[in-house]
Number of protein chains: 2
Amino acid sequence: MFCQAYGMEMQDRVYTMSQAFRLKQSIEDAVIAGEFQPGDRLDEASLAERFGVSRTPIREALLQLGAEGFIDVRPRRGAIVSVPSPTRLFEMFETMAEIASACGRLAARRLTPENDAAMEAAHRACEMAVREGDSEQYYADNRNFHEAIYRASRNSFLADQAFALHKRLSAYRRIQLRARNRLLQSLQEHAGILEAIRAGDEQLAAMRLHDHVLVQGERFSDMVLGLAGDRRSDAAGSRSGTAK
Amino acid sequence: MFCQAYGMEMQDRVYTMSQAFRLKQSIEDAVIAGEFQPGDRLDEASLAERFGVSRTPIREALLQLGAEGFIDVRPRRGAIVSVPSPTRLFEMFETMAEIASACGRLAARRLTPENDAAMEAAHRACEMAVREGDSEQYYADNRNFHEAIYRASRNSFLADQAFALHKRLSAYRRIQLRARNRLLQSLQEHAGILEAIRAGDEQLAAMRLHDHVLVQGERFSDMVLGLAGDRRSDAAGSRSGTAK
DNA sequence: CATAGATGAATTGTATGCAAGACTAGAAAT
DNA sequence: ATTTCTAGTCTTGCATACAATTCATCTATG
């Protein structure tokens, strides 16, 4: 049937996005922005009231965010913003380092002029932010720079995974950037990463990206793992004061 | 995701799992078992009737599976079992190779006697399956072997990610195993991987795992990427929304 | 005084109903 | 005969109602 080809063309049509999808984005953004802090309860009723919808689409959004690991949905006990234990956080960063370095390795192998230009532009933006000492701006530009590298792997699936994890870690990454005042150091590392990718040196690019993400945290991670025989990855609150 | 024993028991107390969670597992199992083939429609009404529940928990299960990337949920157009394009499939396998090799690298660095024993046991089971020529059994044991390696990374987050992707690719992996009749070859590669991990040779372990997963597919992947200048964004495309 | 048990309030899980968008088939027109 | 328009059916999306379970508070008891 020739009609099928014709029908395909109707796919340019823009379908209305469901409310649940919009809500998912909104809630995710609110979490990333820090409006909901780790440990905070995501109450279905209040979220429904806040967004002017019923509980149903809220529930659907929360469950999806839970499936992505963005929040923690406990059966019959409601959803909370995940509170990863220190060990869990190291594990997440270590995973981020591995995935990022994989992207860098592939990018070094497959670099195209377009991807190169995108990374260059993002790098320039980072430079500008550092020059102006704008930490918030650097945070945003840094995100774009890393996304450009993920894309440069020319593996959109891997890039999606990388970016998803990047978003999940954004709150802690921001702390990391601020706490150590390592804007300039970060920028220099970026330059080294770019250099390695452009040289087509897969190993070097992977290593530099790995170290860039972990920031000397690797050995510390190993140490923690060595000490802690058993690991708890519970989201159980460390909210109230120290257990006495 | 890390759904194993999610709602089973937390802090001694056993909570009743929600229907939606059970349904999620059931539907996922059905997809993995090949009962629903890629492209098949997952109709809410018929699934509800099949499991004897209303549409609500079915919907919630489908949305969660969609968020995990296991199926493809299109707004207002229902859910289907994902039909990755060949390019997409290569990307998924390549990502699996990268994540698996990362697990192997960490396993080589941190191997404990317990993890070693677990891998050994799984390897023995694989040997037995090959000796008896039981392809189905090997498929199951192979899965356990790889899971043992993921766990041996001593990074439970990374291991969860790896296992989730492994499950997602199970249908195609089974084809891969059968089509090439490479049971024996696979077993020998397993032995080589174990050897490298035990020797603490991170690079070798990573490389062997990488090659084991990709099975000479790497160059082919590069070739496909090289030929296809632009990649189709199929219906099974990324869920990155309007991110530019 | 502390702890265990029970009762009421609050919150989540599921079912049902209705509205709106998407698919199908048929008729009209070129 | 092919395409376009249209009407009807089917499916999904959301709201509401109710059931089930968890949490908090209070009381009784050692």
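Treat the numbers as computed from the prediction; the structure is a model and nothing was measured. We name chains A, B, ... by the order of the sequence lines, and we start the count at 1 in each one.
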Nearest atoms (heavy-atom pairs only) where A/Leu106 meets A/Ser153: CB-O, 3.8 Å
Which one, D/dA17, C/dC23, C/dA22, comes nearest to the side chain of B/Arg77? C/dC23
Using whole Å, what does the distance between atom C1' of nucleotide C/dG21 and atom CE of A/Met17 come to? 15 Å
Round to the nearest Å and state the distance from A/Phe21 atom CZ to C/dG21 atom P. 19 Å
Output the residues of residues 42-53 of chain A in contact with DNA chain C, where contact means a heavy atom of the residue under 4.0 Å from an atom of the strand; sort by number or write none. A/Asp43, A/Glu44
Find the distance B/Ile80:CD1 to C/dC23:P and express it as a whole number of Å. 12 Å
Gap between atoms CG and C1', on B/Leu62 and D/dT12 respectively (whole Å): 11 Å
Determine whether B/Ser156 and A/Arg88 make a side-chain contact, defined as any pair of heavy atoms from C-beta on separated by less than 4.5 Å. yes
Below 30° counts as parallel, above 60° as perpendicular, anything between as tilted: where do the rings of A/His146 and A/Tyr150 land? tilted
Taking the side chain of A/Pro57 as heavy atoms from C-beta outward, which of C/dT14, C/dT12, D/dA15 is closest to it? D/dA15
Counting side-chain heavy atoms from CB outward, which of C/dA22, C/dT14, C/dT11 is closest to A/Arg41? C/dT11
A/Arg76 side chain: which of D/dT12, D/dT22, D/dA15 is closest? D/dT22
How close do A/Tyr139 and A/Ser170 get, heavy atom to heavy atom, and via which atoms? OH-CB, 3.1 Å
Can any side-chain N or O of B/Glu91 pair as donor or acceptor with the backbone N or O of A/Phe157 at less than 3.5 Å? yes
Figure out the CD1/P separation between A/Ile58 and C/dT14, and round it to whole Å. 18 Å
So, OP1 or OP2 of C/dT16: does either fall under 4.0 Å of a side-chain N or O from B/Arg55? no
Evaluate the salt bridge (Lys or Arg N to Asp or Glu O under 4.0 Å) criterion for residues A/Glu28 and A/Lys24: first the C-alpha distance (whole Å), next the side-chain angles of each, then the deciding distance (0.1 Å), finally the verdict. CA-CA 6 Å; A/Glu28 181 180 312; A/Lys24 185 179 146 204; 5.9 Å; no
Atom CZ of B/Arg74 and atom P of C/dA22 are separated, to the nearest Å, by 12 Å
By nearest atom, which of the nucleotides C/dG13, D/dT16, D/dG13 is closest to the A/Thr56 side chain? D/dT16
dist B/Ser26:OG -> B/Phe21:CZ (nearest 0.5 Å) comes out at 10.0 Å
B/Gln19 CD to D/dA19 P, in whole Å, measures 16 Å
Can you check the B/Glu60 CD to C/dT12 C1' distance for me, whole Å? 10 Å
